[in-house]
Number of protein chains: 2
Amino acid sequence: MMMPRLVPRWPAWLFCWRAACIQGASVRQKMWAGPSKIPGLGGPRGAWGTSPLVPRGSCSASSRTPEVTLTPERYPVRRLPFSVVSEDDLAALERVVPGRVITDPEELEPPNVDWLRTVRGSSKVLLRPRTTQEVAHILRYCHERNLAVNPQGGNTGMVGGSTPVFDEIILSTALMNQVLSFHDVSGVLVCQAGCVLEALSQYVEERGFIMPLDLGAKGSCHIGGNVATNAGGLRVLRYGSLRGTVLGLEVVLADGTVLNCLTSLRKDNTGYDLKQLFIGSEGTLGVITAVSILCPPKPSTVNVAFLGCPGFAEVLQTFRTCRAMLGEILSAFEFMDAECMKLVRLHLGLSCPVQESPFYVLIETAGSGPGHDAEKLGCFLEQVLDSGLVTDGTLGSDERRIKMLWALRERITEALSRDGYVYKYDLSLPLDRLYDLVGDLRARLGPSAKHVVGYGHLGDGNLHLNVTSEAFSTSLLGALEPYVYEWTAGQRGSVSAEHGLGFKKKDVLGYSKPPEALQLMRQLKALLDPKGILNPYKMLPTHA
Amino acid sequence: MMMPRLVPRWPAWLFCWRAACIQGASVRQKMWAGPSKIPGLGGPRGAWGTSPLVPRGSCSASSRTPEVTLTPERYPVRRLPFSVVSEDDLAALERVVPGRVITDPEELEPPNVDWLRTVRGSSKVLLRPRTTQEVAHILRYCHERNLAVNPQGGNTGMVGGSTPVFDEIILSTALMNQVLSFHDVSGVLVCQAGCVLEALSQYVEERGFIMPLDLGAKGSCHIGGNVATNAGGLRVLRYGSLRGTVLGLEVVLADGTVLNCLTSLRKDNTGYDLKQLFIGSEGTLGVITAVSILCPPKPSTVNVAFLGCPGFAEVLQTFRTCRAMLGEILSAFEFMDAECMKLVRLHLGLSCPVQESPFYVLIETAGSGPGHDAEKLGCFLEQVLDSGLVTDGTLGSDERRIKMLWALRERITEALSRDGYVYKYDLSLPLDRLYDLVGDLRARLGPSAKHVVGYGHLGDGNLHLNVTSEAFSTSLLGALEPYVYEWTAGQRGSVSAEHGLGFKKKDVLGYSKPPEALQLMRQLKALLDPKGILNPYKMLPTHA
């Protein structure tokens, strides 16, 4: 589908805009757990900042061949001595969540597999509580019976953190999808953990606010899961991390105790900030049942510039220039390399809206003065074009075009997953060295890799380094690991910037944290979950 | 001293600016622990955002009469069975920090008293380590010997958290004042815990950045203490809390273990975010020895508007209007009532720069486009003046005038301390009810209180409610407490928004947190400090 050329509101002398040819993708909102139950919370079509994405949840549901290898067959992991779910257990759980104890093997297949189709558990039971009290009852029961529990939101995680490894009971937040309150002066949203991020975005945007986070999986991921993994995404640069924007949490502890810290206050220094323990703990310390989150006011004007850069040095210099000239209206600075563009074209049929370049940059501004923002952006673009940092560019300022430009960046993950088996690395690195590893790996791996690509949240120093091959290969994995982790540790980077550790990365924690930190993490786990029933085999390394 | 009338850059037709008559105050930087040792870090005259404040540390040092009552004589508190420092201990400690073991009673007087002069300990020893390893040695020794330790930064706390209650050893961070690194692209500052906030401000401002926090005590407070109390202050509205801006910490645990989580990465999801445990834990879980903090770029243009409002409803409506019209350039929204203005005039000789009004509002903008910011501010001011929300106003856009306008708000605390004994309450409340308690208390207390004033960070929902009397009065205290706390709990507010609990507020934690939370806090304390030697008698309630 050809898009008509848009007339930019910027002076024509600035540069020659190229016709934009981006094929739109249809939006589907088909979650295996069923759509949201609240009118107004189920729709996938948000306003500003939302994008046409195939919800991740439906990916794994729709394409079931070839079968994913069972996790214990691919990875060296042994089942811990938890109890096995008995008929008596099922009967007892049925009394807690009547009609919402799922044991049908067909229904259990999608939640046993991660959306990347790299890990697969063999859980025989999925529970769908609606209330915090039901979650408390379930955990109290499982704690007494020594039954392992795998909390699950939208199952959109990248590291195998949201699927069972063996036969853990899956505790789904899918039916916990109620907005509990929204304050239209303060922008504080309080909702249950199972609300879908995109539905929440739409809900608050109708009220003049935006969610402080946005990410590619928005159409499927649950806010509780976002908080449990401390999800990063596209708005960290502007609005900071969830550690600042989450005001309160309600959490059910391993033994069923309800910890209600669901405050709506911006500031509260009464005692230790317990909610921080659960943000980013990936369901291993407690189950988040409700979230209080501060939503920023919706900017009245949003612009997206999609630019081509001749090299990575120019990408970095464009970022520096942009931060200096756009200042407080800069809301995102993303980059992708030419290989990424090749893959979104190949697998998704999207077209590059600018001249082909070694690198592409997506810059978003969000502000309160359309004229002011346009002027700032115009000056910036003039500067980067004149100085040769940018060779070509296109702009979007209406919702449709903004979504199309964002799709190029947001749908890279989807394109990669269609390219074969994907080895994913999510690294924090010093800006100057951010892209070095990509070229390094291309040389190191040679033809044994199908594609080696680099993209990510440059403004946050966060590189997504992905390698694809036709199928899973132990030798390719051996060429990648521990090399990638050692390289990252050598730069004092993080081996998991935003995806967390889950099952697949738990043993690399030591590359980014010292032994004293690991020791304290184990002590915290033992304190909060002495039987270890919450999301076992995840986050903490196997060996002491 | 009369200031010349400043010509605003806004259109004259907007409104009639009144002559500003603000008497400047001299800046003194006289800390009992001696000035910072680093050239460039010792100076008190920062650039943007700093203000002429008498450093708090010097207040308590300079006016020693009348003597402050010993804490155990005023409050019901019993010494726990820690060891008493012996001559052998002093000799051992002298080997760890040679020449920096202070036992001179004269030198020990200021650090035994809080700057508000409300609590007083009887410590016989103060230690001045320079390095993390020295802190580790000290704590290892004290842990083995069961000696209690009171970590102390600038001793500017409001709740008696930074002074000993009995004879705890004072562990001062005053000599740990080195900047370890600063990255002038990312803005990440890594420094020792004893750096003075204002000195750091000056240091980063010279490099094109600002500190993400700013508060009245900047001239004396240490960054380590700021982080330990999760200090709020004047920039939370714009840059969020320290939970988002602190990137890493180095902490020495109670047993002397060094926990090095001093990362400089914006994103790092490898394991539990241990640093969050120590942010806001008021020295009860570990001693912060170094801090990595993300500094925002210095705005190229700053404006301050000081406005008079006819009522609190108008203050709130001004805030809503301001947030909508100033959007991303709004960097502070503070308010004070007429009683506050009366006190800064009476005790500090400052003059009100606008017509006398029931309420005053200080709005700061910080942006990257001087013309754009002026236009936005002009439109906003026209709107609030035309609609009667604001009756009079004055502007500042040069550094000197900005400091003078800020001084009116920042020096309220100082003015109050000169008015007599101060009962301080630092509450988070719903915006609509933010000021109700002030009028309520005036009626309730009648002439038994000298002054009842309300001011604070309105944009954060944070009220500073202060009551003064000639001297400490048990009956006045009885009229205030638990009334204030119960009223706050009734609004689901916080009984300590930003000051923490320290010694004086520890028993009111239960008004803002449920029993399950208290239980978990006690467990965390027991895990991290099993002997309870770190800052005892603070933060957690006395009774189980």
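Computed from a prediction, not measured in an experiment: that's the story for all the values here. Here is the naming used below: chain letters follow the sequence lines, and residue numbers restart at 1 for every chain.
Here the CZ-CZ distance, from B:R243 to A:R243, works out to 9.5 Å after rounding to the nearest 0.5 Å. With rounding to the nearest 0.5 angstrom, the OG1 atom of A:T257 is 9.5 Å from the CG atom of B:L520. Rounded to the nearest 0.5 Å, atoms CE (A:M521) and CG (B:D273) are 8.5 Å apart. Distance check, rounded to the nearest 0.5 Å: CD1 of A:I279 to CD of B:Q276 gives 7.5 Å. Taking CG of B:L518 as the start and OH of A:Y272 as the end, the distance is 10.5 Å to the nearest 0.5 Å.
Residue contact with chain B, scored on non-hydrogen atoms closer than 4.5 Å, involves the side chain of A:R320 exclusively. Within the 4.5 angstrom heavy-atom criterion, atoms from both the backbone and the side chain of A:L501 approach chain B. With a 4.5 Å cut-off on non-hydrogen atoms, A:M539 touches chain B through its side chain but not through its backbone. The part of A:L528 that comes within reach of chain B is its side chain, from C-beta onward, which places non-hydrogen atoms under 4.5 angstrom from that chain. With a 4.5 angstrom heavy-atom cutoff, A:S186 touches chain B only via backbone atoms. Contacts between A:L237 and chain B at a heavy-atom distance below 4.5 Å involve backbone atoms as well as side-chain atoms. If you measure heavy-atom distances from A:L540 to chain B, the contacts under 4.5 Å come from the side chain alone. With a threshold of 4.5 angstrom between heavy atoms, A:S264 does not approach chain B through any atom at all.
Closest approach of B:E328 to A:I329, counting heavy atoms only: OE2-CG2, 3.6 Å. Residues B:G493 and A:L265 approach most closely at C-CD1, 3.5 Å, considering heavy atoms. Nearest heavy-atom pair across B:V236 and A:R266 is O-NH2, 3.8 Å. When all heavy atoms are compared, the tightest approach of B:S368 to A:K376 is OG-CE, 3.6 Å. The two atoms that bring B:E516 and A:V258 nearest to each other are CG-O, 3.5 Å, heavy atoms only. When all heavy atoms are compared, the tightest approach of A:R323 to B:F209 is NH2-CZ, 4.2 Å.
In terms of heavy-atom pairs under 4.5 angstrom with chain B, the leader among A:A324, A:C261, A:S281 is A:S281. Ranked by heavy-atom pairs shorter than 4.5 Å toward chain A, the options B:G367, B:G461, B:P297 are led by B:G367. Most heavy-atom pairs under 4.5 Å with chain A, from the set B:S241, B:G280, B:G271, B:S512: that is B:G271. No other option in B:L431, B:N260, B:L259, B:L285 has as many heavy-atom pairs under 4.5 Å with chain A as B:L285. Interface remark: of the candidates A:L274, A:L427, A:V188, A:L429, A:L274 forms the most heavy-atom pairs closer than 4.5 Å to chain B. Options B:S300, B:G371, B:S428, B:G208 differ in how many heavy-atom pairs under 4.5 Å they form with chain A, and the most are formed by B:S428. Counting heavy-atom pairs closer than 4.5 Å to chain A, the top-ranked of the candidates B:G369, B:G500, B:P296 is B:G500. By number of non-hydrogen pairs under 4.5 angstrom with chain B, the leading residue of A:G244, A:G327, A:P514, A:S496 is A:S496. Looking only at heavy-atom pairs under 4.5 Å with chain B, the residue among A:L242, A:L527, A:L509 that has the most is A:L527.
In summary, A:K513 and B:D268 engage in a salt bridge, as defined by a charged side-chain N under 4.0 Å from a carboxylate O.
In summary, the side chains of A:T270 and B:Y511 do not present any donor paired with an acceptor at a separation below 3.5 Å, with no hydrogens or angles considered.
Enclosure of atom CZ in B:R492 is not indicated, since only 12 or fewer non-hydrogen atoms of other residues, nucleotides or ligands lie within 6.0 angstrom.
Under the 4.5 Å side-chain criterion, counting only non-hydrogen atoms from C-beta, B:L277 is in contact with A:L277.
In terms of modelled atom types and a separation under 3.5 Å, the side chain of B:N269 and the main chain of A:T229 share a donor-acceptor contact.
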